[in-house]
Amino acid sequence: AKTSYSVFDLSKMIMDEARYLNTASDMVGLGSLASLLVISVFLVPLAQAASQCIQWFVPTNVEQRRKNYVANECLAAWQYME
């Protein structure tokens with residue numbers, strides 16, 4: 001048997017667990033975990049792709065290129081898509 005899950009399904013399951021436990025600390029903790037999961041697996045790779053497109057297609061000066069490179073490195077540290 002094979003079961004497929006998406007990032008949003010996992011996030012929903014985490015939040016369902018928080019609602020089941022029904023305490024404020026569980027809602028905050030598991031809500032933070034679910035948010036970080038969606039951000040690091042879905043949103044950060046999209047931002048990194050946008051940063052790399054800017055690097056390739058937008059004419060920039062040396063300072064802009066350096067800032068974009070640093071931003072791309074920061075995003076790479078926070079993405080877990082690989």
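Please read all numbers here as calculations on a predicted model, not as lab measurements.
Taking every heavy atom of both residues into account, P45 and S40 meet most closely at CD-O, 3.7 Å.
Judged as a salt bridge (charged side-chain N to carboxylate O under 4.0 Å, His left out), and not counting sequence neighbours, R65 has no contacts. Applying the ring-ring contact (aromatic ring centres under 6.0 Å, His included) criterion to F8, with sequence neighbours excluded, gives F42. Residues that satisfy the side chain to side chain contact (heavy atoms under 4.5 Å, CB included) test with I39, not counting sequence neighbours, are L43, V44. Residues satisfying the side chain to side chain donor-acceptor pair (under 3.5 Å) criterion with S51, sequence neighbours excluded, are N68. Taking V7 as the reference, L37, V38, V41 meet the side chain to side chain contact (heavy atoms under 4.5 Å, CB included) condition, with sequence neighbours excluded.
For the salt bridge (Lys or Arg N to Asp or Glu O under 4.0 Å) condition, no pair includes a residue of residues 44-57, sequence neighbours left out. Sorted by first then second residue, the salt bridge (Lys or Arg N to Asp or Glu O under 4.0 Å) pairs that include residues 17-32, not counting sequence neighbours, are D16-R19. Under the salt bridge (Lys or Arg N to Asp or Glu O under 4.0 Å) criterion, no residue pair touches residues 33-48, with sequence neighbours excluded.
Hydrophobic clustering of Ile, Leu, Val, Met, Phe, Trp and Tyr side chains at less than 4.5 Å, counting indirect connections, unites Y20 with L30. L33 and V28 fall into different hydrophobic clusters, defined by Ile, Leu, Val, Met, Phe, Trp and Tyr side-chain heavy atoms under 4.5 Å apart, directly or through other members. By the criterion of side-chain heavy atoms lying less than 4.5 angstrom apart, applied directly or through intervening Ile, Leu, Val, Met, Phe, Trp or Tyr residues, W78 is not grouped with I54; the two fall into different hydrophobic clusters.
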Donor-acceptor pairs are to be reported for all side-chain atoms of residues 56-64 against protein atoms at under 3.5 Å, with residues two or more places apart or in another chain.
from: N61; atom 1: OD1; to: E63; atom 2: N; distance (Å): 3.2
from: N61; atom 1: OD1; to: Q64; atom 2: N; distance (Å): 2.8
from: E63; atom 1: OE2; to: R66; atom 2: NH2; distance (Å): 2.9
from: Q64; atom 1: OE1; to: N61; atom 2: N; distance (Å): 3.1

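Clustering of Ile, Leu, Val, Met, Phe, Trp and Tyr side chains at separations under 4.5 Å leaves M15 isolated, with no partner residue.
Side-chain contact between Y5 and M13 is present, with heavy atoms from C-beta onward closer than 4.5 Å.
Distance check: C74 SG to Q79 CD gives 13.0 Å after rounding to the nearest 0.5 Å.
In the model, Q55 has no side-chain atom that pairs as donor or acceptor with a side-chain atom of N72 under 3.5 Å.
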